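A, B, ... follow the sequence lines: proteins, then strands. Residue 1 opens every chain. Because the structure is a prediction, the values reported are computed rather than measured.
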Amino acid sequence: MASLPSVAVTRTPKSESEFRKYSASFLPSEKSPSVSYQRSTQLDGVSEARCLDFREALSFIREGTKVESAFYVPILQECIDKKLVSDAQKIHAHIVKTGAHKDAFLMTFLVNVYAKCGTMETARKVFDELPRRNVVSWTTLMTGYVHDSKPELAVQVFREMLEAGAYPTNYTLGTALSASSDLHSKELGKQIHGYSIKYRIEFDASIGNSLCSLYSKCGSLECAVKAFRRIRDKNVISWTTVISAWGDNGEAATGLQFFVEMLSECVEPNEFTLTSALSLCCVMQSLDIGTQIHSLTIKLGFESNLPIKNSIMYLYLKCGWIHEAKKLFDEMETISLVTWNAMIAGHARMMDFAKDDLAAHQCGTEALSIFLKLNRSGMKPDLFTFSSVLSVCSSLVALEQGEQVHAQTIKTGFLSDVVVGTALVNMYNKCGSIERASKAFVEMSIRTLISWTSMITGYAQNGQPQQALLLFEDMRLAGVRPNKITFVGVLSACSHAGMVDEALDYFQMMKNEYKITPVMDHYACLIDMFVRLGRLDEAFDFIKEMDLEPNEFIWSILIAGCRSQGKLELGFYAAEQLLNLKPKDTETYNLLLNMYLSAGKWKEVSRVRKMMKEEKLGRLKDWSWISIKDKIYSFKRNARSHAQSGEMYELLGNLHEKAKSFGYEWEESLEVTDEEEDADEEKALTSIVYHSEKLAIAFGLLNTSNAVPIRVTKSISMCRDCHNFIRIISLLSAREIIIRDSKRLHKFINGHCSCGDFGTLI
DNA sequence: CTAGGGTTAG
């Protein structure tokens, strides 16, 4: 995208906030006490004076002096800002005592105070006792319910209001529209749209803005844009809403185009527009435009705006500009919980974009240490924090940290949140603790599509395909509509169980009953299934018949199957197809190399090596991690630098000997890893290559009690030899061993693995 | 009294 058009900066300092509007209505009389109560307009950092003034004003009220209504407003505003419900109650009592409660305007404001503080029962009570009701009081109550996530009550109040014969304003209808959009009810929204026509305010910006946002939330992007186009005087909010609408519906690039259009129409963006635009850059990972918007925010005078700083920091994290992000973070003199959350979530997202698993692991570890700092800072984590942290624990297979977070969510009451609950279910699933996952799932009071999908996938990944399918039927009975991700779980369950007929039935159900277009992952599950069953020809037929061009992953599955079943001809064909795709992944090349090496095809070996050089691919990095208590230990292939290295190798040696009597035979894997690193680690000491997961397991066996499973993550796929060996270790040591490698989860129990022994490509 | 920054499943 081209550069942004430049904006003429004619910015005046931001005017005093909302309370001025109110206080202007209450002209102070001469009898008012002469306390000068100046509310600071600074967003960040509460000055001491301001606190003092607030306390002074409060003590003045406590003394019981009769004051003018105007005196209460700024103090109540402070109660709103800081959610000081008990102070508000004291003021309320004072108002009643001195007879000021006859002032309908003041009491309406009090409804607003209780509503904003999230105490809707009291707000409703004050509202019911109002001497006079007007549109503002009705609207205030509605807004309160919307903010309190009770849109159905907001709609009920709206009905009451209409029955009472009050005329709604643009604000009322706007709020009613927000309620409909929270209810995801396009129908209700349309009815309210009708009212706006009836009251002749349909072209009003606030109506159009709310309509735009409603349609966007209901997934009707086209209607949203239409609503935007119909607005007569588009204001900055209209633009912000439509820009976000594009972004929320997966069209970030067009959203940015609208942002540019807005600038070229000389509408000056505000902080909300800028944060929206920045979040679009986040989605697109566009540092280029992001940095331009960053400078625009400075030009427009928002450099000290906290939400904007948070967004920029998050953007830099997501684009992997970790040092810039850290610099911003360190330079911030005031930070909010959102800042912490953005840091944690940013590191969590960076795990997905990290160049390899080693880097990803470091991001995750960093995220956990940021969470620790947040807890120490005295600030209280919220549902956003917990969801992110739990997802980090899942990725790291850090069960013990996850358990601690679980305890904290119970203590703080955030476990009742669906998203947190789902993240918890997912954490236990990813740590291979299926029993606790299912317990957490059962205990949820509400379940979303994502919760069901997470649990179904969990069963599939943990080697309980039957349970996965049963749960899928429960989900359908509960009236929850599966999406394409749910079907990835269902199909992979069938694949694991080798249930060909069921798999094909579910595939048809997905296409016909749910009208879901298959994506690559669905085909991958089915092809994987045929390969597992040794039905390579059928797998190949399926590849030929599918509507999508097979990708690297599909060919890799086929090659792995061909290799293990000695069908070299088909394997070579698949390899040619794979090479044409010029994969960017070291592991994929490694698979090819191994296939050609074991077949003695030296010409192809050197060709693959050459291609790897051309693609500037590094060597495989074989790292494993194990999390014990609140520490994560890392192990590199053949490493001998650990304090316990001696014991670890001794233990492994013994286990190797014992394993032989169980039919285990050393099987050399021809892998290409970092040769220099191997040389460093005194490879010459032994002819056996110790892959990193063996070391991690040995460390785990030495340092954990017999009762707990051993949980390891690994940066690349396990090789067949390690897989065979670990299967036997699980038998010999009577320990459950859970390994998540770069491809899948392996849960070894009593000599068996949940992947059905088809989880290894090398 | 309408708008914003941070969250979960492959």
Side-chain angles (χ1 to χ4, degrees), chain A residues 18 21-22 108-109 111-112 115-116 135-144 146-147 169-178 204-210 212-213 235-241 243-244 270-279 282 305-315 317 336-346 348-349 381-391 394 414 417-427 429-430 448-458 460-461 482-489 491-492 519-522 524-525:
Chain A
E18 294 288 9
K21 282 192 215 156
Y22 281 95
T108 297
F109 194 71
V111 175
N112 185 28
K116 281 278 171 62
V135 209
V136 177
S137 43
W138 285 107
T139 310
T140 304
L141 193 65
M142 283 170 62
T143 316
V146 171
H147 278 159
T169 65
N170 49 356
Y171 282 118
T172 322
L173 295 184
T175 307
L177 284 168
S178 313
D204 187 274
S206 55
I207 299 289
N209 298 348
S210 299
C212 180
S213 141
N235 58 23
V236 65
I237 301 171
S238 324
W239 283 100
T240 308
T241 310
I243 290 167
S244 316
N270 64 14
E271 66 231 79
F272 301 115
T273 329
L274 292 165
T275 41
S276 298
L278 283 166
S279 80
C282 238
N305 180 288
L306 191 52
I308 289 184
K309 278 203 280 193
N310 288 339
S311 315
I312 294 170
M313 195 186 74
Y314 188 58
L315 169 73
L317 278 177
S336 64
L337 183 57
V338 177
T339 318
W340 286 109
N341 289 348
M343 277 299 270
I344 294 168
R349 301 307 319 256
D382 69 356
L383 64 159
F384 291 101
T385 328
F386 288 128
S387 328
S388 295
V389 170
L390 285 169
S391 111
S394 324
F414 283 110
D417 180 79
V418 213
V419 178
V420 175
T422 305
L424 186 74
V425 168
N426 189 47
M427 186 275 291
N429 274 329
K430 289 288 145 60
T448 62
L449 164 66
I450 300 180
S451 326
W452 287 98
T453 305
S454 182
M455 196 62 224
I456 290 168
T457 311
Q461 288 172 340
N483 69 2
K484 62 175 182 194
I485 299 168
T486 321
F487 275 103
V488 174
L491 293 177
S492 85
V519 295
M520 201 60 82
D521 287 344
H522 299 130
C525 290

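Using a 4.0 Å heavy-atom cutoff across all strands shown, Ser388(A) reaches sugar-phosphate atoms only and no base atom. Base engagement by Ser206(A) is indicated by at least one non-hydrogen atom pair under 4.0 Å involving a base atom. In this structure, Thr457(A) reaches the sugar-phosphate backbone alone: every heavy-atom distance under 4.0 Å involves primed, P, OP1 or OP2 atoms, never a base. At a threshold of 4.0 angstrom between heavy atoms, the contacts of His522(A) with the nucleic acid are absent. Base engagement by Ser336(A) is indicated by at least one non-hydrogen atom pair under 4.0 Å involving a base atom. Within 4.0 Å of Val488(A), counting heavy atoms only, lie sugar-phosphate atoms of the nucleic acid but no base atom. Counting any heavy atom pair closer than 4.0 Å across all strands shown, Thr139(A) reaches a base atom. Among the heavy atoms of the strands lying under 4.0 Å from Asp382(A) is at least one base atom, whether or not backbone atoms are also near.
Counted by atom type alone, Thr241(A) and Ser244(A) present zero donor-acceptor pairs between their side chains at under 3.5 Å. Side-chain contact, Asp382(A) with Asn341(A): a donor N or O sits under 3.5 Å from an acceptor N or O.
Rounded to whole Å, atom P of dT2(B) lies 10 Å from atom CZ of Phe272(A). Ile456(A) has its CD1 atom 15 Å from the P atom of dA9(B), to the nearest Å. In this entry the distance linking OH of Tyr314(A) with P of dG5(B) reads 11 Å, nearest Å. Here the C1' atom of nucleotide dG6(B) and the CD1 atom of Ile312(A) are 15 Å apart, to the nearest Å. Going from atom CD1 of Ile207(A) over to atom P of dA3(B) covers 13 Å, rounded to whole Å. With rounding to whole Å, Leu449(A) atom CG is found 8 Å from dA9(B) atom C1'. For the pair Ile450(A) CD1 and dT7(B) P, the computed distance is 13 Å after rounding to whole Å. We find that CG of Asn170(A) is positioned 9 Å from C1' of dT2(B), with the value rounded to whole Å.
In the set dT8(B), dA3(B), dA9(B), the nucleotide with an atom closest to the side chain of Ile485(A) is dA9(B). Of the candidates dA3(B), dA9(B), dG5(B), dA3(B) carries the atom nearest the Asn270(A) side chain, counting heavy atoms from C-beta on. Looking at the side chain of Tyr171(A), the nearest of the listed nucleotides dT2(B), dG6(B), dA3(B) is dT2(B). Among the nucleotides dG6(B), dC1(B), dG5(B), the one closest to the side chain of Asn341(A) is dG6(B). Closest contact between the side chain of Leu337(A) and the listed nucleotides dT2(B), dG6(B), dG10(B) involves dG6(B).
You'll find the side chain of Thr108(A) reaches within 4.5 Å of the side chain of Thr140(A), heavy atoms only.
For the OP1/OP2 pair of dA9(B) and a distance below 4.0 Å, the side-chain nitrogens and oxygens of Asn426(A) include at least one atom meeting the criterion. For dG10(B), one of the phosphate oxygens OP1 or OP2 lies less than 4.0 angstrom from a side-chain nitrogen or oxygen of Lys430(A). OP1 and OP2 of dA9(B) both lie 4.0 Å or more from every side-chain N or O belonging to Lys484(A).
Partners of Tyr314(A) by ring-ring contact (aromatic ring centres under 6.0 Å, His included), not counting sequence neighbours: none found. Judged as a side chain to side chain contact (heavy atoms under 4.5 Å, CB included), and not counting sequence neighbours, the contacts of Ser206(A) are Asn170(A), Asp204(A).
The base of dA9(B) has none of its N or O atoms less than 3.5 Å from a complementary donor or acceptor on the side chain of Asn429(A).
Note that OG1 of Thr275(A) is 12.5 Å distant from CG of Leu315(A), once rounded to the nearest 0.5 Å.
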